[in-house]
Amino acid sequence: MEFLTLFLIYLCFVLTAIALLCICTGRKESCLARSVNGASQVLSFVIPTRLQRATQKALHRLFHTRSCLFVVLHVALQAAVYGEYTWEVFVYCWELQFHLLLLLLPYLLLAGNMGCFILCSQANPGIITKSNHASLVKIYAYDGVLFQKGIVCPTCNMEKPARSKHCSFCSVCVHRFDHHCVWVNNCIGAFNAKYFFLYLFTLTAMAATVAIITTAFLIQVVLLSNMMHGSYIDDKGQERAVEILFLIQHLFLTFPRIVFMLGFVILLTLVLGAYCCFNLYLALTNQTSNEWYKSRRHGCSHHLALQPHDRRVVYKNIYSKGVWMNLKEIFKPPIVSERKKKT
């Protein structure tokens with residue numbers, strides 16, 4: 001039973017790490033999906049055709065259509081981490097007289113994170129319809145490089161407003177499209193970007209807080225046991241002073257689930273922290289993940305379009321209005337008022 005529990009935690013650890021690293025980029029086709037497609041081509045020589053078709057349908061449904069699978073995985077991982085934290089770390093820390101407010105901080109962050117998660121997943125990201133199309137077109141100007149006037153979405157049969165994109169997952173065009181997040185099962189656009197930003201920030205803070213408290217608990221255990229000043233007999237029968245590696249092995253054998261959880265939340269903190277910093281950079285520069293990726297795909301800062309062959313046009317972000325105004329736009333997206341329409 002212990003081995004099965006550790007195996008399940010390890011499996012969730014690996015799947016989540018790969019999914020976070022691949023999906024956080026917001027690209028249309030994740031590197032995980034490309035890796036699976038490449039592997040399926042190699043295995044196509046030994047796998048029956050029917051099984052190949054069934055696998056392709058399953059992968060298409062998983063990575064190219066809206067699915068609640070990652071939402072379920074998201075909730076299951078949070079439940080596993082908080083279950084381990086509650087039944088072991090919290091109890092041990094309470095016995096070691098840790099401050100109650102510190103121990104309750106992860107639960108407060110969890111409440112805020114779940115609120116942001118619900119708002120982000122249920123809110124309208126900025127779906128472009130025939131009724132709001134005219135007003136959304138007027139909000140952002142076309143830069144002529146990443147977004148050009150007159151481009152019609154073949155699925156929605158409407159001209160694409162600047163900074164919009166058609167989401168293949170949801171089959172709709174989204175205003176100020178950032179990316180489709182499988183963890184909230186919704187697009188991230190102009191009207192729910194603030195909820196996603198807060199969701200990401202609270203999720204990072206949750207992982208970091210649990211990691212800090214768990215690390216403090218393990219350090220306290222080591223200090224109380226006075227293990228650092230002890231010694232052990234190695235495989236050759238020689239007496240050696242306790243080293244860090246031996247200490248980690250001892251803690252893993254004594255608290256296997258706690259150490260496993262700590263490794264998971266540390267990796268989660270690093271990955272989410274890096275992605276949180278990236279999203280903060282995008283917010284401060286008034287860019288979306290889609291625009292950042294497209295600007296790199298078009299040659300970083302250069303774009304050749306309708307110009308002589310010996311002349312290059314340097315791409316410039318025309319939507320940036322300064323750090324404060326850019327950050328304000330995330331939490332209060334611009335709209336076209338009725339007064340502007342009349343004039």
Indicate whether any N or O donor in one side chain lies under 3.5 Å from an N or O acceptor in the other, for [X] and [Y].
X	Y	answer
Gln287	Asn317	no
Ser135	Asn132	no
Asp178	Ser289	yes
Arg176	Asn290	no
Asn113	Thr202	yes
Ser121	Asn186	no

Tell me the closest heavy-atom pair linking [X] and [Y], and the distance in Å.
X	Y	result
Pro106	Leu103	CD-O, 3.3 Å
Cys156	His166	SG-ND1, 3.5 Å
Ala211	Leu262	O-CD1, 3.6 Å
Phe217	Leu96	CD1-CD1, 3.8 Å
Met325	Lys321	CB-O, 3.6 Å
Phe191	Lys194	O-NZ, 3.4 Å

Out of curiosity, does [Y] fall in the hydrophobic cluster containing [X] (side-chain heavy atoms, cut-off under 4.5 Å, transitive links)?
X	Y	result
Val75	Leu203	no
Leu105	Met206	yes
Ile330	Ile139	no
Tyr275	Leu270	yes
Leu110	Leu101	no

**Request:** Return yes if some donor-acceptor pair links the side-chain N/O of Asn286 with the main-chain N/O of Ser320 below 3.5 Å, else return no.
**Result:** no
**Item:** Ile258 vs Thr254, side-chain contact (heavy atoms from CB on, under 4.5 Å): CA-CA, chis, key distance, verdict
**Value:** CA-CA 9 Å; Ile258 293 179; Thr254 308; over 6 Å; no
How about [X] and [Y]: are their ring centres within less than 6.0 Å of each other?
X	Y	answer
Phe117	His74	yes
Trp292	Tyr281	no
Tyr85	Tyr107	yes
Phe147	Tyr140	no

**Prompt:** Relative to the ring of Tyr199, is the ring of Phe196 parallel (under 30°), tilted (30 to 60°) or perpendicular (over 60°)?
**Reply:** tilted
**Request:** Fit a plane to each ring of Phe255 and Tyr92, take the angle between them on a 0 to 90° scale, and name the class: parallel (under 30°), tilted (30 to 60°) or perpendicular (over 60°).
**Result:**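 Phe255 and Tyr92: perpendicular rings.
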Is there a side-chain contact between [X] and [Y] (heavy atoms, below 4.5 Å)?
X	Y	value
Ser164	Val174	no
Val323	Leu327	no
Met261	Val210	yes

**Asked** Can you tell me if CZ on Phe201 sees more than 12 non-hydrogen neighbours from other groups inside 6.0 Å?
**Response**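 Count not over threshold, so no.
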**Request:** For Cys276 and Thr204, run side-chain contact (heavy atoms from CB on, under 4.5 Å): C-alpha distance rounded to whole Å, both residues' side-chain angles, the deciding distance at 0.1 Å, then the answer.
**Result:** CA-CA 8 Å; Cys276 196; Thr204 306; 4.1 Å; yes
**Asked** Using 4.0 Å as the upper bound for N to carboxylate O, is an ion pair formed by Glu159 and Lys130?
**Response**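 So Lys130 does not pair with Glu159 through a salt bridge.
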**Cationic tip of Arg163 above Tyr319 ring, under 6.0 Å, 45° of axis** =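 Here Arg163 passes the 6.0 Å and 45° test against Tyr319.
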**Request:** Check the pair His180, Ile188 against side-chain contact (heavy atoms from CB on, under 4.5 Å), reporting the backbone distance first and the verdict last.
**Result:** CA-CA 6 Å; His180 180 92; Ile188 307 302; over 6 Å; no
**Request:** Run the numbers on Met158 and Cys153 for side-chain contact (heavy atoms from CB on, under 4.5 Å), then give the verdict.
**Result:** CA-CA 6 Å; Met158 290 185 295; Cys153 175; 5.6 Å; no
